Each structure stands twice: as C-alpha cells, then as structure tokens.
Amino acid sequence: MDRPLLVYTTFPDVDTALSIGESLVRDGLIACINVLPGMRSVYAWKGAVERGEEAVGILKTRRGLQDKIHQALKDRHPYETPVILFIEPSGADAATLDWLIGETPGG
C-alpha cells in the first residue's frame with residue numbers, strides 16, 4: 001500500500017499558490033493544498049541576503065507520485081529554483097490515507 005507524502009514549497013503569492021495547487025488537484029497529483037499567506041523570509045540567493053514575503057504551500061499526496069509531482073512543480077513554478085521538500089509522515093489515519101489514494105490517480 002502507498003504511503004502518505006507531504007510536499008512543502010513556497011510561492012511568491014497566494015494566487016500563484018492556489019492556481020498551481022488547483023492544477024495539481026485537477027491533474028490527480030495531489031488531494032489538497034493548504035496555502036498559508038504572509039510568510040516573511042530571509043534567505044541567501046546568488047551571494048546576497050534577500051528578504052521577501054511569500055505564501056507557504058503544503059501539498060498532500062502519496063509517495064508513489066513523488067517524481068511526477070516534483071516534475072510538475074518544477075515545470076509550473078515561477079521561481080528559478082523553487083524549494084521543494086518531501087516529508088514522509090510516520091503514519092496516517094486509515095481514512096486519511098484512503099482519501100489520499102482515492103483522490104490521486106496520478107494524472
């Protein structure tokens with residue numbers, strides 16, 4: 001049986017996050033995206049220290065789709081080098097896992 005997978009990424013704004021998230025839901029790659037607006041970031045980029053405001057995206061899916069989701073995010077993301085982190089929870093409620101599998105046929 002497939003395992004749950006969370007994908008952490010950031011976007012320049014809420015509208016971009018929701019648009020990309022919706023396209024991934026429609027493609028059957030994720031069951032859900034949670035968008036957290038108003039994150040403030042300080043980060044190193046090309047030798048400089050930058051500041052910015054972003055929106056966090058937490059995507060809910062299953063482990064078997066990791067490669068497809070990775071490629072889809074790289075293709076659709078507006079950042080030159082988006083942060084894409086895969087987090088494997090140690091477990092999931094059985095009903096949650098059934099929902100994830102049922103809603104992510106994989107495009």
Side-chain angles (χ1 to χ4, degrees):
M1 173 157 283
D2 219 339
R3 297 184 47 85
L5 182 69
L6 298 176
V7 184
Y8 173 93
T9 189
T10 57
F11 297 95
D13 54 65
V14 170
D15 289 340
T16 301
L18 291 172
S19 177
I20 291 173
E22 184 174 333
S23 72
L24 294 172
V25 170
R26 291 185 183 281
D27 289 347
L29 294 174
I30 66 172
C32 175
I33 182 172
N34 298 121
V35 179
L36 308 170
M39 180 181 76
R40 299 185 66 176
S41 301
V42 177
Y43 55 94
W45 179 248
K46 296 185 177 183
V49 175
E50 304 283 341
R51 287 182 179 227
E53 191 165 311
E54 298 177 290
V56 174
I58 302 170
L59 293 65
K60 299 171 190 167
T61 189
R62 55 190 173 91
R63 176 68 177 85
L65 295 174
Q66 180 173 331
D67 292 341
K68 286 184 176 184
I69 292 165
H70 184 236
Q71 190 58 56
L73 277 173
K74 295 284 277 187
D75 291 346
R76 300 170 197 195
H77 209 290
Y79 289 168
E80 181 181 337
T81 307
V83 169
I84 303 171
L85 301 173
F86 300 102
I87 303 162
E88 291 189 55
S90 60
D93 176 77
T96 299
L97 186 55
D98 288 345
W99 168 70
L100 283 173
I101 290 170
E103 297 297 335
T104 54

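The model shown is predicted, which means the values in this text are computed figures rather than measured ones.
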Pairs where residues 29-61 contributes a residue and the test ring-ring contact (aromatic ring centres under 6.0 Å, His included) is met, not counting sequence neighbours: none
I'd like to check the side chain to side chain contact (heavy atoms under 4.5 Å, CB included) partners of Val35; sequence neighbours left out, ordered by chain and number. Val14, Ala17, Leu18, Ile33, Ala55
Considering all heavy atoms, the nearest Pro82-Lys74 contact: CG-CD, 4.3 Å
Say you draw a straight line from CG of Leu24 to SG of Cys32; how long is it, rounded to the nearest 0.5 Å? 11.5 Å
side-chain hydrogen bond (donor to acceptor under 3.5 Å, both in side chains) with Glu103: which residues, sequence neighbours excluded? none
Please collect all salt bridge (charged side-chain N to carboxylate O under 4.0 Å, His left out) contacts where either partner lies in residues 57-67, sequence neighbours excluded, each pair once. Asp2-Arg62, Arg63-Glu88
Taking the side chain as everything from C-beta on, heavy atoms only, tell me whether Thr104 gets closer than 4.5 Å to Leu29. no
Kindly compute the distance separating CD1 (Ile84) from CG (Leu59), expressed to the nearest 0.5 Å. 9.5 Å
The criterion is salt bridge (Lys or Arg N to Asp or Glu O under 4.0 Å); which residues satisfy it with Arg26, sequence neighbours excluded? Glu22
Among residues two or more places apart or on two chains, list those pairs meeting salt bridge (charged side-chain N to carboxylate O under 4.0 Å, His left out) that have a residue in residues 48-57. none
side-chain hydrogen bond (donor to acceptor under 3.5 Å, both in side chains) against Asp15, all qualifying residues, sequence neighbours excluded: none
Ignoring hydrogens, what is the shortest heavy-atom contact between Pro4 and Gly91? Give both atom names and the distance. CG-O, 4.2 Å
Linking directly or through intermediates, with side-chain heavy atoms under 4.5 Å: list the remaining ILVMFWY members grouped with Val49, chain and number order. Val42
With sequence neighbours left out, the residues meeting side-chain hydrogen bond (donor to acceptor under 3.5 Å, both in side chains) with Ser23 are Arg76
With sequence neighbours excluded, give me every ring-ring contact (aromatic ring centres under 6.0 Å, His included) pair touching residues 61-103. Phe11-His77, His70-Phe86, His77-Tyr79
Does the pair Leu5 and Leu65 meet the rule for a side-chain contact (heavy atoms from CB on, under 4.5 Å), with working shown? CA-CA 9 Å; Leu5 182 69; Leu65 295 174; over 6 Å; no
Kindly write out the residues that satisfy side chain to side chain contact (heavy atoms under 4.5 Å, CB included) with Asp93, not counting sequence neighbours, or none if the list is empty. Ala95, Thr96
Rest of the hydrophobic cluster containing Ile58 (Ile/Leu/Val/Met/Phe/Trp/Tyr, side-chain heavy atoms under 4.5 Å)? Leu6, Tyr8, Leu36, Met39, Val56, Val83, Leu85, Ile87
